[in-house]
Amino acid sequence: MNQYPMTAKGADMLRAELNELKSVKRPQIIQAIAEAREHGDLKENAEYHAAREQQSFCEGRIQDIEGKLSNAQIIDVTKMTNNGKVIFGTTVTILNLNTEEETTYKIVGDDEADIKSNMISVNSPIARGLIGKEIDDIVNIQTPSGSVEFEIIEVEYI
């Protein structure tokens, strides 16, 4: 079985989405299907087909979330001693040596990744290049725009 690494916050977000899907969305879809059935001929009933498609998507997402949560490897870095090493869940500040631009990223699981919030997937090229490195290390990371050198300025276990 695949293990899905995620932060405690990420696991809570998935549980909340699962609860929303099961307790709110699923009953709404069931109601929509029942109403559409009352309209008669199901072959030409667009409302019925749309509701069934919605139901299929919802059930698929429920199964996906349940599968990930059952195989979740929840990692809480706040309970670990900060030894300056970049690991899953850490918040890393890096300096682009070409542009002198500083950026802070939190390394999280695939489902939690949100580049707008500076949360990058552990499977992203930047995260893979940073994992295992320490403060003041200079890393060469292959990005879509070419090879970029970064210096690790700060590693936080928050």
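Remember, predicted model here, so these are calculated numbers, not experimental data.
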Side-chain (Asn2) to main-chain (Asn71) donor-acceptor, under 3.5 angstrom: no

Pair Asp76, Thr78: side-chain N/O donor-acceptor within cut-off below 3.5 Å: yes

Stepwise side chain to side chain contact (heavy atoms under 4.5 Å, CB included) check, Asp111 with Leu14: CA-CA 8 Å; Asp111 288 310; Leu14 277 181; 4.1 Å; yes

Where Asn140 and Ser147 come nearest, the two heavy atoms and their spacing: OD1-OG, 2.8 Å

Salt bridge flag under 4.0 Å for residues Asp12 and Lys9: no

Same cluster (ILVMFWY, side-chain, under 4.5 Å), Val77 and Met13: no

Salt-bridge present (Glu66, Arg61; N to O < 4.0 Å): no

Separation between CD1 of Ile107 and OG of Ser121, rounded to the nearest 0.5 Å: 9.5 Å

Glu47 side, atom CD; His39 side, atom NE2 - distance, nearest 0.5 Å: 5.0 Å

Thr99 OG1 to Glu149 CD distance, which is reported to the nearest 0.5 Å: 12.0 Å

From CZ (Phe88) to NZ (Lys106), nearest 0.5 Å: 8.5 Å

Cluster check Leu21, Met6: I/L/V/M/F/W/Y, side chain < 4.5 angstrom: yes

Rounded distance (nearest 0.5 Å) linking atom CD1 of Ile131 with atom CD1 of Ile87: 8.0 Å

Side chains of Asn96 and Glu151 in contact at under 4.5 Å (non-hydrogen atoms): no

Residues Tyr105, Ile115; criterion side chain to side chain contact (heavy atoms under 4.5 Å, CB included); working and verdict: CA-CA 9 Å; Tyr105 293 115; Ile115 194 65; 4.0 Å; yes

N/O donor-acceptor pair under 3.5 Å between His49 side chain and Glu44 backbone: no

CD (Glu100) with more than 12 external heavy atoms under 6.0 Å: yes

Within one Ile-Leu-Val-Met-Phe-Trp-Tyr cluster: Ile158 and Val86, side-chain cutoff 4.5 Å: no

Shortest non-hydrogen contact from Ile74 toward Arg15: CD1-NH2, 3.7 Å

Trace of the side chain to side chain contact (heavy atoms under 4.5 Å, CB included) decision for Val155 with Lys85: CA-CA 7 Å; Val155 178; Lys85 193 171 213 155; over 6 Å; no

Rounded distance (nearest 0.5 Å) linking atom CD1 of Ile120 with atom CG of Leu130: 6.0 Å

Full working for side chain to side chain contact (heavy atoms under 4.5 Å, CB included) between Glu38 and Tyr48: CA-CA 10 Å; Glu38 292 173 3; Tyr48 175 77; over 6 Å; no

For the student: nearest non-hydrogen atoms of Ile75 and Pro5, plus distance: CD1-CB, 4.3 Å

Pair Asp110, Tyr4: side-chain N/O donor-acceptor within cut-off below 3.5 Å: no

Flag, side chain of Asn118 to backbone of Thr104, donor-acceptor distance under 3.5 Å: yes

Linked, directly or transitively: Val122 and Tyr157 (ILVMFWY side chains, under 4.5 Å): yes

Gln63 and Glu59: side chain donor to acceptor below 3.5 Å: no

Co-membership, hydrophobic cluster, residues Ile135 and Val92, 4.5 Å side-chain: yes

Arg128 side chain to Asn123 backbone, donor-acceptor under 3.5 Å: yes

Glu112-Thr7 side chain donor-acceptor pair, cut-off 3.5 Å: yes

